[in-house]
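What follows is a set of notes on a single structure, which appears directly below.
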Amino acid sequence: MDEALLAQLTSSQRKAVSHRDGPLLVLAGPGSGKTRVITCRIAALVDSGVRPYNICAITFTNKAAEEMRQRAAALGPSGGAHISTFHSLCVRILRRYAEAAGIHSNFSIYDSADQSKCVKQAVKDCGLDGTNFPPARMLDAISTLKNKLIDAEAFQERAEDFFSRTLSQVYTRYQQILAERNGLDFDDLLMKVAFLLETDSAVCGELSNRFKFLLIDEYQDTNHAQYRLAKALALPHGNICATGDPDQSIYRWRGADIRNILAFEKDWPEAVVVKLEENFRSTAAILRAADSLIARNTNRKQKALVAVRTDEGKVCVEGHEDEAAEADAVARQVDALLSQKVPAGQIAVFYRVNAMSRALEEAFVRRRVPYQVVRGVEFYNRKEIRDLLAYLKVLANPADEVALLRIINTPTRGIGKVTVDRVKAFAVSHGLTLSQALARADQVPEVSGAARTKLMAFSCLLDKLRRDIVGPVAPLAERVFRESGLEQSFKGTGQDGQDALENISELINAAAAYDQQTTEPSLLDYLQQIALFSDTDAYEATSERAALMTLHAAKGLEFDHVFIIGLEDGLLPHERGNGDGDELEEERRLFFVGVTRARINLYLSYARYRTVRGQFLRTVASPFLFELGLDSITQKDEEPEDDEDAFGGYGRRPRLASRPVPAKQAEPEFAPGQLVRHKTFGLGRVRKYADMGANSVVTIQFNTGQTKSLLLQYAHLTRV
DNA sequence: AAAACATACATTTTT
DNA sequence: TGTATGTTTT
């Protein structure tokens, strides 16, 4: 390994890099050069005689994996090291050991849209009402169970109350449906591999022998399944290196368990722990604020933020009248920065919820400030892309019913709902897959002659497409697009069709890139890879546009100038959920992540009124603002309320001027008939409302049966 | 099959 | 208030 490079590292970085055997925990604060340490560590391992082939580095996003691959490659001969996400690793393992895992290797990967179709089906099959058992809730619950490695059988045994028993039924049926279709959802990928490793010692032995050194990045975001999987893999040799920052754990809601990193030393008693506390990213003012903020969390490991930079930077807070004024002020300040020759790519605006981008976009457009909204979905969710992929999926896995149903009448070929239902029923009664039933459509008595012909024609089309599906994917995709009739259906449909064609050609280009990069391209492999990709992977800071994104999307990025908007109680921290202490701490970490993205300047703002779901509401400043240890805030917050002079001045939209004076807003809020929630009495309906100003009395009939008259100012009611 | 209409629902989001 | 989805109509 390069001596000069080693010399550049701080002593703690060097310690982490040069540690060789046994468990290692790297607690890396923001801006501490963590990625560099990991990549250097890979190089150092190779240097000490470890074959790259025996190294496995796991990240959370494809983007992070790609970046790590490149940086590792730049340092030396690390080619051959396995660097990928947990999910990609699992797909590979499941393909290799399909039989041991009890699945077929040509499984489809079901994304959330596919999942929700299957859950709906499962709910229906269990004879349940979709309104009492919303599929989305069920899916969420199932996902949580899978993340905890509780499979359908295990859950059935422990399900006791009514809801759990119902859920258990749905869960069981859902797994059956997936199995029938040879599909695995994202959680299954992890769960199957974790179980495989824990139950099959031969497979586990082989894999841990292959991956002699395990590195896991963002360990604070591992869920229980990932934790168990990693542990099983590393148990034979103990060469596990976990890196992460408990203070940046912001994915509890999707199963991340911060205890994994907090208890690492319990799991691996000989673990060496290295703290990376120097921060090379931010100016001292920002780090002081961040430190003061995060120190309020109790559930964490004490870790300092030591500024390395010595240049000047600032943290400022500004209050605005409403979200439009706030957005306008941000756009104006961004514009000012741009005119000072700050590259637009060095500016970012963060917010708590996606919906907040609207006001910002309007303001940026109005002021002609170039921006881009960084979002997570888009490309692979487009209709035309999903359509073409559905064709390919059916070719690779004929049992994939979700995909088959998608294309059976796309483009329209006169196969309607009724016909499909009849074929489905035929399939069920004869124990066939839908695809098999389709091939025997002429034997379905209920289907009319015309429909029968169309079904047979479609079945023949699939057979024809399936004839030649080996080798490179791009030509295949092109052929399918043409011969399926999809191409024809987009032609002559104006601008939308044109866009669709362009998207398809982008997909085909991507497939061609895959063909080139892969030694043995195959449709199956391609589909399984693509399912694990998202659009955030495509985001690259361009120098021409300021970036607008949620705080969650900001993780891992850094900018010279960072704006965080909406610092209001209920928004940041967000009020949703049970609001327990853990949740508040996570919100604080989220804010901490946002704050520590800034290199030079941090601009915080809040609005005194905000329109939430069409209602213009008074806000309260976020408690987090007071935890930053700044001295200017209190003064700012005491700006005069309801100051009429605050109106006007920044090209506000006219409707604002005619809004009612906010003091009146309490009046209609609890009109008779209004559903309300009380802290101790629960849900109820307002029967009577006596307006006596501050002493207004509301009479409420609660769901518990009792009726109460309460003083409005003490009742703390929320509208439902 | 498309358009019009109605209804439910509204953090965060990767894989 | 806005959207996404489902249902009914033409």
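The shown structure was predicted, so the numbers you read here are calculated from the model rather than taken from an experiment. Below, chain A is the first sequence line, B the second, and so on; all start at residue 1. FYI, side chains are in, hydrogens and waters are out, and symmetry mates aren't considered; it's all heavy atoms of this structure.
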Problem set entry | Consecutive Watson-Crick or G-U pairs in runs of at least 3, all under 3.5 Å, in which DNA chain B is involved |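 Consecutive-pair runs (3 or more) involving DNA chain B: B:1-10 with C:1-10.
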
Could you work out, with side-chain contact (heavy atoms from CB on, under 4.5 Å) as the rule, every residue matching [X], not counting sequence neighbours?
{"X": "A/Asp525", "value": "A/Arg95, A/Tyr514, A/Thr518, A/Ser522, A/Gln529"}
{"X": "A/Ala510", "value": "none"}
{"X": "A/Ala101", "value": "A/Leu94, A/Ile103, A/Leu196"}

Exercise. Can a side chain N or O of A/Thr550 be found less than 4.0 Å away from OP1 or OP2 on B/dT13?
Worked result: yes

Can you give me the N/O atom pairs linking the protein to nucleotides 3-10 of chain C at distances under 3.5 Å, or say none if there are none?
residue : atom : partner  : partner atom : Å
C/dT3   : OP1  : A/Arg358 : NH2          : 3.2
C/dG6   : OP1  : A/Lys120 : NZ           : 3.1

Exercise. To the nearest angstrom, how far is A/Phe86 atom CZ from B/dT14 atom P?
Worked result: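 Computing the A/Phe86:CZ to B/dT14:P distance gives 17 Å.
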
For this session: Decide, applying a 5.5 Å centre-distance limit and a 30° plane-angle limit (both strict), whether A/Tyr251 stacks on B/dT13.
Result: no

Problem set entry | Under the salt bridge (charged side-chain N to carboxylate O under 4.0 Å, His left out) test, residues paired with A/Arg610 that sit two or more places apart |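 Expected list: A/Glu326, A/Glu568.
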
For this session: Could you tell me how the ring of A/Phe624 sits relative to the ring of A/Phe591: parallel (under 30°), tilted (30 to 60°) or perpendicular (over 60°)?
Result: parallel

Exercise. Which part of the nucleic acid, if any, lies within contact of A/Gln528, taking any heavy atom under 4.0 Å across all strands shown: a base, the sugar-phosphate backbone alone, or nothing?
Worked result: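 No contact at all - A/Gln528 keeps every heavy atom at 4.0 Å or more from the nucleic acid.
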
Exercise. Less than 4.0 Å between a side-chain N and a carboxylate O, is that true for A/Arg181 and A/Asp114?
Worked result: no

